[in-house]
Amino acid sequence: MSRTRRAGNQAAARAGNDAAARVGTLALRPLDPFEDAGLVHSWVTHPKSAFWLLQDATLPDIEREYMGIAASEHHDAYVGLHDGEPAFLMERYDPRYIELVGLYEPEPGDVGMHFLVAPTDRPVHGFTRAVITTVMEHLFADPRTQRVVVEPDVTNTAVHRLNETVGFVPEREIDKPEKRALLSFCTREQFEAAVVRHAVAARPTAVSGASS
C-alpha cells in the first residue's frame, strides 16, 4: 500500500470514528436466522420499511430468507448494534451471482450492499449517516473490496441523497424484476474523500479575534 493510500485510509477512519462517536458505539455481528428472525421481521414489515418490499412477509418467510442467505457463498447478513442493542440491518452480496446478474458488467473488487435502519419514533440526528459510514467502513476493511454497488428504488430519493454523502455516484437506471433501480457506485477513494469532506464541514468555524 502506498504512503498516500495509507494516509487516506487513516484520515477517513479517524473522520468516520468521530462521526460514529457522536451518536454512540456502532458495531456489526453476523445475523442468526433463528434468533434474529423475529426482530428483523418487525423491522422489514414496518410501514417505514416499504422499500424493502417485504411488507406482507410472515415470520417463516423471514426465517427462510435468512437461512438461504446464511447458506450462500455469495451473500451475508449482519445485525448492526447501537451501544450493544440491535438497531440496523446490513446485507453484503457478490453482484456477479446475486441481485445484478446480467444488469451491469462487474469489475474486480465489486461488492453489493443493502442496509436498513430500524424504524423508530425517536430518531437520533446524524444516526443514519453514521450507520452507512460504519457499513462502508466494514466493507472496505476487506482489502479485496474496491467498489461498493447499490441499486435503490428510483423513487427512494432520501436514500439517493444519503448515498451521495458517502461518495456514491449514480450511473444509470436499471430494470430489476421487483423494481426500477438507480445503479450507483462508490470506490474506496470516493468514500474516503467523502468522509473527510464531511468531517471538515462539521468542524466548528473559528471566529476571527476569538481567544481562550
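Because the structure is predicted, anything quoted here is derived from the model rather than measured.
A distance-only check finds no donor-acceptor pair linking the side chain of Glu189 to the backbone of Cys186 [under 3.5 Å]. With hydrogens and angles ignored, the 3.5 Å screen pairs a side-chain donor or acceptor of Lys48 with a backbone N or O of Thr120. Formation of a donor-acceptor pair under 3.5 Å by the Thr133 side chain with backbone atoms of Arg129 is found in this model. Using a distance-only test at 3.5 Å, with no hydrogens or angles considered, a donor-acceptor pair links the side chain of Arg188 to the main chain of Thr145.
The shortest non-hydrogen separation linking His75 to Ile98 is ND1-CG2, 4.1 Å.
Distance check: Asp110 CG to Asp94 CG gives 8.5 Å after rounding to the nearest 0.5 Å. Considering CG of Asp142 and NE2 of His138, their distance stands at 8.5 Å, rounded to 0.5 Å. To the nearest 0.5 Å, atoms CG (Leu28) and OG1 (Thr134) are separated by 7.0 Å.
Following chains of ILVMFWY side-chain contacts shorter than 4.5 Å, one can reach Leu26 starting from Val135, so the two form part of one hydrophobic cluster. When hydrophobic clusters are built by joining Ile, Leu, Val, Met, Phe, Trp and Tyr residues whose side-chain heavy atoms come closer than 4.5 Å, directly or via intermediates, Met90 is grouped together with Val124. In this structure, Ile62 is not a member of the same hydrophobic cluster as Val117, with clusters built from ILVMFWY side-chain heavy atoms closer than 4.5 Å. Taken together through direct or relayed side-chain contacts under 4.5 Å among Ile, Leu, Val, Met, Phe, Trp and Tyr, Val111 and Tyr104 form parts of separate hydrophobic clusters.
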Distance-only donor-acceptor hits, side chain of residues 77-86, under 3.5 Å, sequence neighbours excluded:
unit_1	atom_1	unit_2	atom_2	d
Tyr78	OH	Arg92	NH2	2.8
His82	NE2	Val23	O	2.5
Asp83	OD1	Thr25	N	2.7

Which donor-acceptor pairs under 3.5 Å do side chains of residues 163-172 form with protein atoms, sequence neighbours excluded?
unit_1	atom_1	unit_2	atom_2	d
Asn163	ND2	Val159	O	3.4
Thr165	OG1	Leu162	O	2.6
Arg172	NH2	Leu103	O	2.8

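Counting heavy atoms from C-beta on, the side chains of Phe191 and Leu139 never come closer than 4.5 Å. The shortest side-chain heavy-atom distance between Arg64 and Asp61 falls under the 4.5 Å cut-off. Annotation: side chain of Asp76 is not in contact with side chain of Leu31 (no heavy-atom distance under 4.5 Å). Two residues are said to be in side-chain contact when any heavy atoms from C-beta on lie closer than 4.5 Å; Val149 and Met113 fail this criterion. Using a 4.5 Å cut-off on side-chain heavy atoms (C-beta onward), Glu63 and Pro33 make no contact. Two residues are said to be in side-chain contact when any heavy atoms from C-beta on lie closer than 4.5 Å; Glu151 and Leu182 fail this criterion. Residues Leu116 and Ser49 form a side-chain contact, since some pair of their non-hydrogen atoms from C-beta on lies under 4.5 Å apart.
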Test log, rule side chain to side chain contact (heavy atoms under 4.5 Å, CB included), inputs Ile132 and Phe115
CA-CA 8 Å; Ile132 194 172; Phe115 88 102; 3.7 Å; yes

Test side chain to side chain donor-acceptor pair (under 3.5 Å) on Gln190 and Thr187 and set out the steps.
CA-CA 5 Å; Gln190 287 168 329; Thr187 65; 3.2 Å; yes

Assess whether side chain to side chain donor-acceptor pair (under 3.5 Å) is satisfied between Tyr66 and Glu91, documenting all intermediate values.
CA-CA 10 Å; Tyr66 285 97; Glu91 295 179 13; 2.7 Å; yes

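Between His114 and the choices Tyr93, Phe51, Phe88, the ring-ring contact (aromatic ring centres under 6.0 Å, His included) rule is met once, by Tyr93.
Contact check on Arg29 versus Asp36 returns a salt bridge, with a Lys/Arg side-chain nitrogen under 4.0 Å from an Asp/Glu carboxylate oxygen.
Side-chain contact check for His46 and Gln55: no donor-acceptor pair (N or O, by modelled atom type) lies under 3.5 Å.
Take Asp153 and apply the salt bridge (charged side-chain N to carboxylate O under 4.0 Å, His left out) test, not counting sequence neighbours, and it matches no residue.
Atom CD of Glu105 sits in a sparse spot, with 12 or fewer heavy atoms from other residues, nucleotides or ligands closer than 6.0 Å.
For the pair Arg147 and Phe185, the distance from NZ or CZ to the six-membered ring centre is under 6.0 Å and the angle to the ring normal is within 45 degrees.
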